[in-house]
Amino acid sequence: MFKKTKHIQDLNQQEISTIIGVGFSITGEIKGKAVIRIDGFVTGNVNIEGGVILGEKGAIKGDVNTESAIIYGTVNGNVKTKMLEIKSTGKVNGDIKTETIEIELGAQYNGKLEMNSSTKSEEKVVAKAG
């Protein structure tokens, strides 16, 4: 449950299509399909299909919804992802919903954690209930 997964390691290896650099500030929702690296400040929700890498100096004030994420910086909002890695410099202030998680010694996390083995089984339960 707390081991590195191959997919998260691959996120570090994938080509980053978008970078928000140090000193940049964006207000508004960010949507995309590939991998984004954020080293600046984002105020708004981040919905990225591929993956999110939040650098040490990066900060997000809003919810994050992505396939996989590596957090070195600060998230003030909820995180929904299949695979999450919070590095020793990372801080998450909000609820987390994920299938797998790795939290390094020194990382900070304040919120509720919900882990499901598969989002597909959750969708089936909702469909049957409705």
Side-chain angles (χ1 to χ4, degrees):
M1 176 167 70
F2 293 103
K3 293 184 178 180
K4 281 187 181 179
T5 62
K6 186 176 190 295
H7 189 71
I8 288 179
Q9 290 173 348
D10 288 346
L11 182 59
N12 274 331
Q13 308 283 323
Q14 289 183 19
E15 182 178 332
I16 297 170
S17 66
T18 304
I19 297 175
I20 299 172
V22 176
F24 284 86
S25 178
I26 294 180
T27 301
E29 184 173 10
I30 297 176
K31 290 183 179 182
K33 294 188 179 210
V35 177
I36 186 171
R37 179 175 176 100
I38 300 171
D39 289 309
F41 188 77
V42 174
T43 301
N45 296 335
V46 177
N47 297 303
I48 305 295
E49 289 180 27
V52 174
I53 300 171
L54 182 62
E56 279 188 51
K57 295 182 180 181
I60 298 171
K61 186 176 182 181
D63 295 341
V64 177
N65 188 357
T66 186
E67 182 77 17
S68 59
I70 301 174
I71 308 295
Y72 292 92
T74 302
V75 176
N76 290 307
N78 299 327
V79 177
K80 183 178 178 185
T81 181
K82 288 184 180 177
M83 295 165 212
L84 176 64
E85 188 173 341
I86 306 173
K87 296 297 193 176
S88 61
T89 57
K91 297 175 185 143
V92 176
N93 297 305
D95 296 341
I96 293 174
K97 186 173 184 178
T98 186
E99 292 178 16
T100 61
I101 188 167
E102 179 181 329
I103 303 174
E104 284 187 354
L105 186 63
Q108 296 179 17
Y109 165 59
N110 298 297
K112 183 178 80 170
L113 174 63
E114 182 180 336
M115 293 186 71
N116 291 323
S117 59
S118 174
T119 55
K120 289 182 182 177
S121 62
E122 179 183 305
E123 290 171 3
K124 290 178 186 175
V125 171
V126 171
K128 288 180 183 178

Enquirer: Going by an N to O cut-off under 4.0 Å, is there a salt bridge joining K82 and E99?
Expert: no

Enquirer: If a pair satisfies salt bridge (Lys or Arg N to Asp or Glu O under 4.0 Å) and one of its residues is in residues 37-49, list it, with sequence neighbours excluded.
Expert: R37-D39

Enquirer: For D63, what residues pass the salt bridge (charged side-chain N to carboxylate O under 4.0 Å, His left out) criterion, not counting sequence neighbours?
Expert: none

Enquirer: Hey, what do you get for CD1 (I71) to OH (Y109), rounding to the nearest 0.5 Å?
Expert: 12.5 Å

Enquirer: For a quick test of reading the model, state the closest non-hydrogen atom pair linking T100 to T98 and the distance between them.
Expert: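 Scanning both residues, the minimum pair turns out to be O-OG1, 2.8 Å.
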
Enquirer: Can you tell me how far apart CD1 (I19) and CD1 (I53) are? Round to the nearest 0.5 Å.
Expert: 9.0 Å

Enquirer: Kindly determine whether K97 and N78 satisfy side chain to side chain contact (heavy atoms under 4.5 Å, CB included), including the steps that lead there.
Expert: CA-CA 8 Å; K97 186 173 184 178; N78 299 327; over 6 Å; no

Enquirer: With the side chain counted from C-beta on, respond yes when I30 and T18 share a heavy-atom pair under 4.5 Å apart, and no when they do not.
Expert: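 Not in contact.
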
Enquirer: Kindly compute the distance separating CD (E85) from CD1 (I101), expressed to the nearest 0.5 Å.
Expert: 10.0 Å

Enquirer: State plainly whether one hydrophobic cluster holds both V52 and F24, where clusters connect Ile, Leu, Val, Met, Phe, Trp and Tyr through side-chain heavy atoms under 4.5 angstrom apart.
Expert: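 They do share one cluster, since a chain of ILVMFWY contacts under 4.5 Å joins V52 to F24.
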
Enquirer: Only counting residues at least two apart or in another chain, list the ones meeting side chain to side chain donor-acceptor pair (under 3.5 Å) with N93.
Expert: N76, N110

Enquirer: Walk me through whether I20 and I36 qualify under side chain to side chain contact (heavy atoms under 4.5 Å, CB included).
Expert: CA-CA 8 Å; I20 299 172; I36 186 171; 4.0 Å; yes

Enquirer: Could you measure the distance from the OG1 atom of T74 to the NZ atom of K91? Nearest 0.5 Å is fine.
Expert: 5.0 Å

Enquirer: Of the options V75, L113, V64, T81, which is the one that meets I96 in a side chain to side chain contact (heavy atoms under 4.5 Å, CB included)?
Expert: L113

Enquirer: With E56, which residues qualify under side-chain contact (heavy atoms from CB on, under 4.5 Å), at least two apart?
Expert: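 side-chain contact (heavy atoms from CB on, under 4.5 Å) list for E56, sorted by chain: Y72, T89.
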
Enquirer: For E104 and K87, indicate whether the former's side chain and the latter's backbone hold a donor-acceptor pair under 3.5 Å.
Expert: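 No, E104 side chain to K87 backbone: no donor-acceptor pair under 3.5 Å.
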
Enquirer: Under the rule for side chain to side chain donor-acceptor pair (under 3.5 Å), what residues qualify as partners of E29, not counting sequence neighbours?
Expert: N47

Enquirer: Checking F41 now: which residues fulfil side-chain contact (heavy atoms from CB on, under 4.5 Å) with it, not counting sequence neighbours?
Expert: S25, T43, A59, K61

Enquirer: Should I103 and M115 be regarded as members of a common hydrophobic cluster, given that ILVMFWY residues are connected when their side-chain heavy atoms come within less than 4.5 Å of each other, either directly or indirectly?
Expert: yes

Enquirer: Could you tell me which non-hydrogen atom of I86 sits nearest to which non-hydrogen atom of A107, and how far apart they are?
Expert: CG2-CB, 3.6 Å

